[in-house]
Amino acid sequence: MHRRHLLRFAASAPFASALGGTVLARHGAMASTARRSRARPGDGAWPSEAEWNGLRRQVGDAFMPVHSPLDLCREAPTSAQCLAIWKAFKNPYAIGDNVALTQTLGWVDAWTSQPSRYAVAARRAGDVAAAVNFAREQNLRLVVKGGGHSYQGTSNAPDSLLVWTRRMNEIALHDAFVPAGCAGQVAPARAVSVGAGAIWAQVYDAVTTQAGGYVQGGGCMTVGVAGLVQSGGFGSFSKAFGLAAGSLLEAEVVTADGAVRIANACTHPDLFWGLKGGGGGSLGIVTRLTLRVHPLPATFGAVNMTIRARSPAAYRRLIGLVIDFYRTSLFNPHWGEQIRFGPNDALNIAMVFQGLERSQAQVVWQPFLDAIDASADFSIDFAPLKIVTTAARTFWSPTLFKRMLGFVALDDRPGAPAGNAFWTGDQGQAGQVLHGYGSTWLPAALLGDDRRDALCDALFAASRHWRLSLHVNKGLAGAPPEAIAAARDTATNPAVLEAFALAITAAEEQPAYPGVAGHEPDAALARRHAEATGRVTAELRRVVPAAGSYVSESDFFERDWQHAFWGSNYERLLAVKDRYDPDGLFVVHHGVGSERWSDDGFTRLG
Ligand SMILES: Cc1cc2nc3c(=O)[nH]c(=O)nc-3n(C[C@H](O)[C@H](O)[C@H](O)COP(=O)(O)OP(=O)(O)OC[C@H]3O[C@@H](n4cnc5c(N)ncnc54)[C@H](O)[C@@H]3O)c2cc1C
């Protein structure tokens with residue numbers, strides 16, 4: 001059976017756990033075999049009630065059995081409660097607050113979001129250590145969930161014990177933070193310490209809105225801090241401030257032996273390096289992160305417009321124009337976010353800037369706008385607010401003005417905290433089911449005179465198959481030297497240092513779930529979309545052979561993922577893994593060392 005189909009079968013089979021579980025003796029002669037396959041409910045190795053109660057006694061009411069609200073939908077798909085669940089899938093906070101759910105509900109032919117058996121909704125590092133010790137001693141599949149935004153499904157697994165960090169969201173600012181053990185070696189810095197379960201909206205509120213500082217986090221406000229930093233992590237202004245991981249000063253982390261460790265440049269520096277971009281859920285469970293706080297620019301702004309070409313040939317010329325314009329005028333730390341292409345011959349600009357006033361941004365864009373106006377082949381959709389600015393301090397604040405313009409929305413549940421805000425542009429991804437995805441770092445050398453035509457041809461060819469977007473903030477070529485140096489000292493693929501952009505293609509459908517009548521994922525459409533997004537990536541990789549890809553925004557089926565996600569850093573990262581987690585307690589799909597495990601993370605291979 002084709003691997004994709006096999007995975008899909010396994011993920012959707014209602015009795016997958018019973019079918020897949022190996023019956024193992026818990027003690028004695030089979031002990032070594034038991035370590036090859038993790039325990040499943042119903043086999044002899046699964047902990048007894050008394051043993052689960054032992055964990056319950058250690059962590060108190062943090063311990064909980066997990067039940068998915070979708071169980072109800074499977075039984076009564078047209079009930080009022082089920083319809084309410086379906087509505088809640090468009091509220092990222094409602095999903096995030098549910099122990100059983102993840103922001104992406106699945107990926108057709110890849111994975112389906114499934115709840116763990118039990119969770120520890122940790123409030124402190126001690127709860128996490130208790131869960132880690134229990135999982136190790138009982139030979140359980142262990143998963144970690146923070147913001148729950150993994151596209152790869154790495155924060156859920158059936159028949160597992162979940163460590164859920166959502167409640168660990170305390171935030172504290174420091175005027176002069178020195179990492180533990182680094183006195184005299186690392187200069188004191190303004191910093192913020194954040195519980196691992198915090199999401200970026202909470203951090204931006206504390207650091208920018210309340211305290212007038214800048215912290216490098218993610219674009220999406222509901223992404224988890226720990227997941228993003230361990231990915232490397234990009235925000236809209238990363239071309240100026242670098243990777244989120246580049247600003248990490250210290251992490252508190254529970255390793256597979258249950259020890260609560262401090263990792264920074266002076267203590268466990270190898271673990272510290274691996275946590276910076278080595279991928280979430282592979283090295284340990286982070287419980288707290290301390291990030292550098294940078295000076296806040298005065299102004300943030302945005303440029304939004306859609307330009308249409310009258311024919312495919314005109315569209316190819318338009319691609320040439322915008323890439324030339326990017327190279328000469330936008331390829332610098334001021335500019336971030338996206339230039340989008342697609343089969344409908346429309347070019348969408350959705351960019352942001354920092355450190356420029358509106359009038360300065362207008363001057364930058366005028367030559368491009370003049371060139372568009374001068375050609376009968378192009379037209380710009382009416383947009384009264386093409387270029388806007390705001391005081392940087394209010395950028396992440398859900399002001400009435402931003403809500404009225406539809407840029408920001410609030411958690412609409414009764415009694416929800418007032419700060420529960422999200423960009424409406426990210427709402428389409430709440431509860432989504434992915435059909436296809438791919439990302440490719442595009443080296444800045446492609447902007448050179450000898451390569452630019454080939455790049456534009458590839459972008460045009462790719463756009464014939466499906467939508468794609470250049471995220472110029474997710475490639476660090478053109479960033480300040482200190483941002484590049486900090487990124488170089490992370491596990492992230494060094495390809496990011498040379499790339500002017502990350503090209504992303506994605507296709508998805510709105511919330512759906514296998515087994516819920518009337519809400520089944522559209523598998524036939526998904527496969528057509530997967531084919532189309534695959535062609536987009538193939539066109540780009542014609543001009544970027546052996547390309548790098550961003551671990552957290554990538555194809556579930558990426559071949560040679562070790563090289564694509566970490567490049568020349570992979571061997572070093574694997575050595576860190578072997579030092580801190582030699583038995584592979586932490587396994588996620590295409591995470592470091594996962595090649596030693598079956599796709600479901602239950603069986604050690606070889
Ligand atoms: C709508 C949306 C927008 C996004 N926007 C951006 C963006 O602007 N920039 C960007 O760089 N990425 C972006 N991403 C990708 C995102 O950063 C990653 O998926 C990130 O890993 C999510 O972290 P999380 O905590 O929300 O997710 P989770 O699914 O909870 O975790 C992701 C991974 O990290 C692990 N993990 C989580 N917490 C911990 C912990 N405390 N210790 C150890 N491991 C942990 C999990 O096990 C899992 O493997 C976006 C994703 C979505 C869905």
Side-chain angles (χ1 to χ4, degrees), residues 92 95-96 99 101-105 107 113 116 122 125 128 131-132 142-157 160 162-166 168-169 194-201 216-238 243-245 251-256 263 274-275 277-289 336-338 352 422-432 434 437 439 471 473-474 492 496 502 504 506 508 550-554 581 585-592 594 601:
I95 299 176
V99 64
L101 298 176
T102 52
Q103 292 285 330
T104 293
L105 287 178
W107 182 326
S113 184
S116 299
V128 175
V132 165
L142 181 64
V143 289
V144 191
K145 185 172 71 156
H149 279 56
S150 168
Y151 291 119
Q152 304 275 354
T154 53
S155 50
N156 79 93
S160 63
L162 171 70
V163 172
W164 190 36
T165 60
R166 185 81 167 176
M168 300 176 77
N169 61 2
V194 180
I199 58 172
W200 289 106
Q216 185 53 64
C220 170
M221 289 202 255
T222 54
V223 161
V225 172
L228 182 118
V229 170
Q230 289 175 88
S231 307
F234 301 94
S236 301
F237 305 110
S238 277
L243 292 176
E252 181 186 78
V253 53
V254 178
T255 44
L275 291 171
S282 289
L283 298 179
I285 302 184
V286 174
T287 48
R288 188 180 66 237
L289 304 100
E337 288 294 346
Q338 304 179 41
V352 293
F422 58 92
W423 298 120
T424 48
D426 290 322
Q427 194 175 20
Q429 296 191 56
Q432 71 182 346
L434 284 165
Y437 203 104
S439 75
H471 293 241
N473 51 311
K474 295 176 181 171
T492 302
V496 71
L502 181 75
I504 295 181
E508 67 289 312
Y550 175 36
V551 56
S552 274
E553 297 182 316
S554 58
D581 183 21
L585 181 64
F586 301 106
V587 178
V588 299
H589 174 73
H590 287 180
V592 56
S594 64

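Heavy-atom basis, side chains included; hydrogens, waters and symmetry copies ignored. Both counts, for ligands and for their atoms, begin at 1 and track the order of listing.
With a heavy-atom cut-off of 4.0 Å, Gln230 touches ligand 1 through its side chain alone. Counting heavy atoms under 4.0 Å from ligand 1, residue Ser231 touches it through the side chain alone.
Rounded to the nearest 0.5 angstrom, Ser282 OG and Gln230 CD are separated by 8.5 Å.
Using a 4.5 Å cut-off on side-chain heavy atoms (C-beta onward), Ser594 and His589 make no contact. The closest side-chain heavy-atom distance from Val163 to Leu142 is below 4.5 Å. Side-chain contact between Thr102 and Lys145 is present, with at least one heavy-atom pair separated by less than 4.5 Å. The shortest distance between side-chain heavy atoms of Val588 and Gln152 does not fall below 4.5 Å.
Taking any N or O of Gly146, backbone or side chain, at least one lies under 3.5 Å from an N or O belonging to ligand 1. At least one N/O-N/O distance between Phe234 and ligand 1 falls below 3.5 Å. Taking only nitrogen or oxygen atoms, main chain and side chain alike, Thr222 does not reach within less than 3.5 Å of ligand 1. An N or O contact shorter than 3.5 Å is missing between Thr287 and ligand 1 by distance. Taking distance alone, with nitrogen or oxygen atoms compared against 3.5 Å, Ala196 stays at or beyond that limit from ligand 1. The distance criterion of under 3.5 Å between nitrogen or oxygen atoms is met by Val144 with respect to ligand 1. The N/O atoms of Gly218, backbone and side chain alike, include none that comes under 3.5 Å of an N/O atom in ligand 1. Below 3.5 Å of separation, one finds no N or O of Tyr151 facing any N or O of ligand 1. Here's the thing with Lys145: none of its N/O atoms is less than 3.5 angstrom from an N/O atom of ligand 1. Where the criterion is an N or O separation shorter than 3.5 Å, residue side chain and backbone included, Gly233 fails it with respect to ligand 1.
Across Gly232, Cys220, Gly425, heavy-atom proximity to atom 3 (C) of ligand 1 is greatest for Cys220. Compare Val286, Leu228, Val223 by their heavy atoms: the one nearest to atom 4 (C) of ligand 1 is in Val223. Closest heavy-atom approach to atom 27 (O) of ligand 1 within the set His149, Gln152, His471, Glu553: this belongs to His149.
Every atom of ligand 1 is numbered from 1 in the order shown, and the set under 4.0 Å from a heavy atom of Gly284 is 42 (N), 43 (C). With ligand atoms numbered from 1 in the order given, ligand 1 contributes 38 (N), 39 (C), 40 (C), 41 (N) to contacts under 4.0 Å with heavy atoms of Ala226. When each atom of ligand 1 is checked for a heavy atom of Gly219 under 4.0 Å away, the hits are 7 (C), 8 (O). Of all atoms in ligand 1, numbered sequentially from 1 with element shown, those under 4.0 Å from a heavy atom of Gly227 are 20 (C), 21 (O), 23 (O), 25 (O), 34 (O).
Looking only at protein heavy atoms, the nearest one to atom 44 (N) of ligand 1 is Gly281 N, 3.0 Å. At the top of the distance list for atom 28 (P) of ligand 1, counting protein heavy atoms only, stands Gly148 N, 3.3 Å. Atom 33 (C) of ligand 1 has Thr154 OG1, 3.8 Å as its closest protein atom, hydrogens excluded (heavy atom only). The protein heavy atom nearest to atom 18 (C) of ligand 1 is Ser552 OG, 3.5 Å. Remark: minimum distance from atom 11 (O) of ligand 1 to any protein heavy atom is reached at Tyr550 OH, 2.6 Å. Looking only at protein heavy atoms, the nearest one to atom 25 (O) of ligand 1 is Gly147 N, 2.9 Å. Closest to atom 29 (O) of ligand 1, if we only count protein heavy atoms, is Ser155 OG, 2.6 Å.
Residues satisfying the side-chain hydrogen bond (donor to acceptor under 3.5 Å, both in side chains) test with Asn169, not counting sequence neighbours, are none. Not counting sequence neighbours, the partners of Thr492 by the side-chain hydrogen bond (donor to acceptor under 3.5 Å, both in side chains) test are Thr490.
Assignment of Ser236 to the shell around ligand 1 is not supported, since no heavy atom sits closer than 4.0 Å. Using a 4.0 Å cutoff on heavy atoms, Phe586 does not count as a contact of ligand 1.
The only member of Leu162, Val128, Ile285 that meets side chain to side chain contact (heavy atoms under 4.5 Å, CB included) when paired with Val144 is Ile285.
Ring geometry for Tyr550 versus Phe234: interplanar angle over 60°, hence perpendicular rather than tilted (30 to 60°).
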